[in-house]
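Take a look at the structure below.
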Amino acid sequence: VMMLMSCTSTMISPVTLRRRYHVFSFPSLVYILLLLIRWEEERSTDGSKWRFLEHKGPVFAPPYEPLPDKVKFYYDGKLMKLSAPAEEVATFFGKMLDHEYTTKDIFRKNFFKDWRKEMTSEEKSKITDLNKCNFSDMNEYFKTQSEARKQMSKQEKQKIKEENERLLQEYGFCIMDNHKERIGNFRIEPPGLFRGRGDHPKMGMLKRRIRPEDIIINCSKDSKHPKPPQGTKWKEVRHDNKVTWLASWTENIQGSIKYIMLNPSSRIKGEKDWQKYETARRLKKCVDRIRNQYREDWKSKEMRIRQRAVALYFIDKLALRAGNEKEEGETADTVGCCSLRVEHIKLYPKMDDQEYVVEFDFLGKDSIRYYNKIPVEKRVFKNLQLFLENKQPEDDLFDRLNVRMTSMMDKLVTYFHISVTKNYLSHLVVSFLGDAADDSIPAKILSYNRANRAVAILCNHQRAPPKTFEKSMQNLQTKIDEKQNQLSTAKKQLKAAKADHKASHDEKSKKTLEVKRKAVQRIEEQLMKLQVQATDREENKQIALGTSKLNYLDPRISVAWCKKWSVPIEKIYNKTQREKFAWAIDMAEKDYEF
DNA sequence: ACTGGGACTTGCTCAGAAATTG
DNA sequence: CAATTTCTGAGCAAGTCCCAGT
């Protein structure tokens with residue numbers, strides 16, 4: 001713990017992230033002026049996040065449009081006209097008829113309960129059984145509608161696009177400390193049915209419509225405050241520069257607060273991101289000592305120290321999440337390291353040719369299954385046996401341990417989670433990204449993706465193989481075969497051309513020879529590209545790369561790697577990603593070391 | 001010291017855009 | 001050019017962590 005504290009105390013001094021603003025779309029003189037002054041400034045030390053903040057407030061969901069009369073609803077086979085509020089909620093369900101959710105008992109039960117609350121007393125007395133409700137006409141209607149939307153003419157589509165663009169220009173940006181910044185989510189979430197993931201006890205509940213009266217606005221005192229829609233009022237307007245959000249409201253399912261915040265490309269998010277990697281980098285310096293320490297702690301007299309040491313070992317080795325406690329019955333039953341229960345692990349003193357194997361099987365974040373078998377050190381194994389003694393399956397594995405047992409524990413776990421995993425992961429990448437000297441660009445990118453994949457696998461970022469995977473794989477294979485045929489044809493032609501040239505030695509045959517040679521080369525390149533693509537896709541079948549690329553890999557490593565091997569940055573980051581990582585692209589030189 | 005909840009990051013899903021193919 | 005496949009971003013749920021109040 002002391003080691004960690006000494007690590008903490010060398011915190012980076014109040015962030016000074018240099019940021020250059022290359023792009024301005026704001027057509028005002030002010031911004032042209034700002035463009036000329038390259039802006040580099042100190043952040044304050046008192047925890048304030050900004051000095052000036054001005055925005056136009058959120059965009060609300062469009063009001064409910066009642067269904068046309070031709071769309072019918074039947075209860076128990078009989079036609080029924082619903083009141084507008086009841087009808088609106090009914091349409092939420094009607095839209096989802098094809099979704100698996102609507103077959104789930106909990107979903108149906110929760111929906112029905114909340115739906116009844118919106119009914120008139122007359123409706124309430126009639127509609128008592130969801131199974132007797134017929135939403136199929138509604139469902140049909142919405143399908144037709146979306147079909148119609150797809151069939152719209154180019155001009156109509158263009159018009160919608162322009163309208164969206166206008167909304168984005170008006171509400172999608174704010175001014176924070178002299179800069180125009182993109183807002184992440186300026187639209188208020190529309191009403192609908194809550195779609196919790198996994199076995200969520202609240203799935204199907206009505207997510208109510210948010211009104212201006214629910215919204216707290218946050219902006220500078222001296223800014224032009226956003227105007228609430230005509231005839232309405234904000235819940236509150238405050239001026240809190242210790243936080244980064246522009247607006248917030250309380251959601252009715254869990255009672256938690258939702259926010260309107262800036263886009264990842266914004267200064268405020270970029271700085272935070274940069275800080276995260278800097279913390280991880282600093283941890284690199286003391287990680288060895290920490291590892292030695294927790295190994296020592298496996299022998300501690302105190303049970304809670306031993307539990308902590310084993311938990312840390314898991315987090316370190318397997319990149320498990322910390323596992324905060326959560327309220328029972330409020331969310332799906334998922335766990336992380338510290339909240340593992342006896343039922344989630346199995347111990348095998350011997351398994352095949354390995355000793356001391358621990359088998360993990362539990363639902364983690366988003367109810368994604370974590371399944372893993374790993375051999376551990378004898379001492380860890382013995383400790384685990386000890387922790388399991390006299391316990392029921394539903395008891396906590398680490399019963400003496402609480403993520404927040406002490407503030408020290410907080411720090412420790414925090415460090416491990418954000419640092420060790422991430423730090424370690426970045427290391428992994430470095431080693432994977434090591435040598436790419438004479439590979440072609442596609443081959444280099446393959447090796448980049450492999451490094452990315454290694455991280456994703458460690459973090460258990462799985463995905464279901466895409467529905468069309470097999471087919472698209474086959475298509476690719478066909479293409480490869482075709483290319484191969486093409487290649488052999490081209491090679492034959494080349495050979496013929498060579499012979500021809502040898503025989504005649506004239507200019508014309510020389511030219512043909514050159515052309516053929518080029519053709520072979522080109523086809524070979526194309527073939528190679530396809531083969532690399534096939535390998536990449538095959539390896540990527542069950543793994544989602546996005547999250548680790550966006551949140552765990554220090555972008556400066558990627559950028560440096562690109563510079564070092566002359567891989568264009570566009571090959572690994574798309575436009576949005578380049579915006580998010582602008583700070584890293586600006587900062588990292590080819591010799592950057594994590 | 002403890003705890004509730006506020007703030008912010010992470011991560012999945014799906015619709016629509018873009019690219020590719022026939 | 002339409003049909004199909006792939007990619008991208010928006011949307012929002014679900015985590016983590018920290019701070020303020022007791």
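Just so it is clear: chains get the letters A, B, ... in the order the sequence lines come, proteins before strands, and each one is counted from 1. Keep in mind the model is a prediction, meaning the values are calculated, not measured.
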If each of F186(A) and K365(A) is mapped to the nucleotide of DNA chain C with the nearest heavy atom, which maps nearer the 5' terminus, i.e. the 5' end?
F186(A)

Does D273(A) reach a base, just sugar-phosphate, or nothing at all? Heavy atoms under 4.0 Å.
nothing

Taking atom P of dT13(B) as reference, at what distance in whole Å does atom CZ of R195(A) sit?
12 Å

Could you give the NZ-to-P distance, from K549(A) to dT9(B), as a whole number of Å?
21 Å

Take the protein atom CD1 of I188(A) and the nucleotide atom P of dA10(C), then report the distance between them rounded to whole Å.
17 Å

Side chain of I368(A) - closest among dC12(B), dT8(C), dC8(B)
dC12(B)

Nearest 0.5 Å, what's the OH-CZ distance between Y171(A) and R166(A)?
7.5 Å

For S146(A), answer base if it contacts any base atom (sugar-phosphate contacts may also be present), sugar-phosphate if it contacts only those atoms, and nothing otherwise; contact means non-hydrogen atoms under 4.0 Å.
nothing

Which part of the nucleic acid, if any, lies within reach of N185(A) when heavy atoms closer than 4.0 Å are counted: base, sugar-phosphate only, or nothing?
nothing

Considering only dA13(C), dG6(B), dC8(B), which nucleotide approaches the side chain of F194(A) most closely?
dA13(C)

Of the listed dG16(B), dA7(B), dG9(C), the closest approach to the R149(A) side chain comes from dG16(B)

Grab the NZ-P distance between K161(A) and dA17(B) for me, whole Å please.
7 Å

From the candidates dA14(C), dT16(C), dA13(C), the one with an atom nearest any side-chain atom of K258(A) is dA13(C)

Return the value, rounded to whole Å, for the distance between atom CD1 of I260(A) and atom P of dA10(C).
14 Å

Over how many whole Å does the gap from E327(A) atom CD to dA14(C) atom C1' extend?
15 Å

note: M261(A), atom CE; dT10(B), atom P; distance rounded to Å ~ 13 Å

Proximity to the side chain of N324(A) - top-ranked nucleotide from dT16(C), dC8(B), dG16(B):
dT16(C)

What integer distance in Å separates K242(A):NZ from dC8(B):P?
12 Å

Look at all strands and tell whether T334(A) reaches a base, only sugar-phosphate, or nothing, counting heavy atoms closer than 4.0 Å.
sugar-phosphate

Please figure out whether H200(A) or Q577(A) has its closest DNA chain C nucleotide nearer the 5' end.
Q577(A)

Mind checking R182(A) for me? I need base, sugar-phosphate or nothing, with any heavy atom below 4.0 Å counting as a touch.
sugar-phosphate

Is the closest basic N to carboxylate O distance between D177(A) and K49(A) below 4.0 Å?
no

For a quick check of understanding: with a heavy-atom distance under 4.0 Å over all strands, which category does P264(A) fall into, base, sugar-phosphate or nothing?
nothing

Tell me whether the side-chain N/O atoms of T576(A) come closer than 4.0 Å to OP1 or OP2 in dG9(C).
yes

Examine the side chains of Y294(A) and D316(A) and answer whether a donor and an acceptor come within less than 3.5 Å of each other.
yes

Closer to the 5' end of DNA chain B via nearest nucleotide, is it R197(A) or R238(A)?
R238(A)

Using only heavy-atom distances, determine whether the side chains of Y370(A) and N372(A) contain a donor-acceptor pair under 3.5 Å.
yes

Counting only side-chain heavy atoms from C-beta out, which of dA13(C), dG15(C), dC8(B) sits nearest to R321(A)?
dG15(C)

Between K207(A) and F194(A), is NZ or CZ placed under 6.0 angstrom from the six-membered ring centre and within 45° of the ring axis?
no

Identify which nucleotide among dA14(C), dG11(C), dT10(B) has an atom closest to any side-chain atom of R187(A), counting heavy atoms from C-beta outward.
dG11(C)

Can you tell me whether the side chain of K269(A) and the base of dT9(B) have a donor-acceptor pair closer than 3.5 Å?
no

Nucleotide of dC8(B), dG15(C), dC12(B) approaching Y259(A) most closely (side-chain heavy atoms)
dC8(B)

Do the side-chain N and O atoms of E165(A) and Q169(A) include a donor-acceptor pair separated by under 3.5 angstrom?
yes

Interatomic spacing from SG in C219(A) to NZ in K56(A) - rounded to 0.5 Å:
13.5 Å

Consider the side chain of K207(A), meaning its heavy atoms from C-beta on, and name the nucleotide among dA13(C), dC17(C), dC14(B) that approaches it most closely.
dA13(C)

